[in-house]
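Next up is a structure, given as structure tokens.
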Amino acid sequence: MTTQTELGSRLFTAMLAARARVAAQLGLSATDHHCAELVVHAGRPLTAGEIAALSGLSTGAITGVVDRLERAGYVRRIRDEHDRRRVLVEVTPVKGAQLRRAMNVLDTTVAQTLSGYSDADRARLEHCLTAWIRAL
């Protein structure tokens, strides 16, 4: 029988590999792709500090990530309407659509995998994964 640690490691490795493939298709590093996804998931522009907090990277590292994403056309820096000193990072419309399509491919794959499970099984799985995430 597989231990929880082995199973977790295999799941983490598979998720990293899948995300790396998607990032490569978009011409991004896995880290840059992840940070762009964080802005997409937020549904609003984020500060570099917010991206750093969500990603676990330093604000210095995020500056480099945002620079690369901006050069690639995925994000742009904008001034906060309420505080002109604050700079926000927002996803651009065209490249944001590409990011969303790539994210949908992964979502569809997961949905297809889970479609054979009952609602109760999916609820238990969600509960387990949520607890695992909180524990880590």
Between the CG atom in D80 and the OG1 atom in T47, the distance rounded to the nearest 0.5 Å is 9.5 Å
Could you tell me whether the side chain of P45 reaches within less than 4.5 Å of the side chain of V39, counting heavy atoms only?
no
Hey, could you give me the CG/CD distance between L26 and E37, rounded to the nearest 0.5 Å?
9.0 Å
Any side-chain donor-acceptor pair under 3.5 Å between Q112 and T109?
no
About how many Å separate CZ of R19 and CE of M103, when rounded to the nearest 0.5 Å?
8.0 Å
Minimum heavy-atom distance L57-C35, with the two atoms named:
CD1-SG, 3.9 Å
Between T31 and S55, does the side chain to side chain contact (heavy atoms under 4.5 Å, CB included) criterion hold? Intermediate values first, please.
CA-CA 9 Å; T31 299; S55 68; over 6 Å; no
If you look at every heavy atom in A102 and V22, which pair is closest and at what distance?
CB-CG1, 3.5 Å
Evaluate the criterion side chain to side chain contact (heavy atoms under 4.5 Å, CB included) for residue pair H34 and L38; output intermediate values, then yes/no.
CA-CA 6 Å; H34 176 64; L38 291 172; 3.8 Å; yes
Where is the tightest heavy-atom contact between T3 and E6, given as atom of each residue plus distance?
N-OE1, 2.9 Å
Of R85, R79, R86, the residue whose pairing with D83 passes salt bridge (charged side-chain N to carboxylate O under 4.0 Å, His left out)
R85
Roughly how far, to the nearest 0.5 Å, is CD of E50 from CG of L88?
7.5 Å
Are L129 and L114 connected, step by step, through hydrophobic side chains (Ile, Leu, Val, Met, Phe, Trp, Tyr) whose heavy atoms are closer than 4.5 Å?
yes
Would L99 and H33 satisfy side chain to side chain contact (heavy atoms under 4.5 Å, CB included), going step by step from the backbone distance to the final call?
CA-CA 8 Å; L99 283 167; H33 175 251; 3.9 Å; yes
How long is the gap from CZ on R21 to CG on L106, to the nearest 0.5 Å?
8.5 Å
N/O donor-acceptor pair under 3.5 Å between Y74 side chain and L28 backbone
no
ILVMFWY cluster, V40 and V105 together (side-chain gap under 4.5 Å):
no
If you take all heavy atoms of E81 and R84, which pair is closest and at what distance?
O-CD, 4.5 Å
May I ask you to decide if G49's main-chain N or O and T59's side chain share a donor-acceptor pair within less than 3.5 Å?
no
May I ask you to check whether over 12 heavy atoms, not counting those of R122, lie within 6.0 Å of atom CZ?
yes
Main chain of S9, side chain of T13: is a donor-acceptor contact present, judged purely on distance under 3.5 Å?
yes
Path from Y117 to L11 over hydrophobic side-chain contacts below 4.5 Å
yes
What is the distance from atom CD1 of I62 to atom CG of L54, rounded to the nearest 0.5 Å?
9.0 Å
Determine, using the 4.5 Å side-chain heavy-atom cutoff (strictly less than), whether L125 and L7 are members of one ILVMFWY cluster.
no
Could you walk me through whether T92 and K95 pass the side chain to side chain contact (heavy atoms under 4.5 Å, CB included) check?
CA-CA 6 Å; T92 61; K95 293 285 190 167; 3.4 Å; yes
Residue that, paired with E90, satisfies side chain to side chain donor-acceptor pair (under 3.5 Å) out of R44, R76, R77
R76
Above 12 or not: heavy atoms from other molecules or residues under 6.0 Å from CD of E126?
no
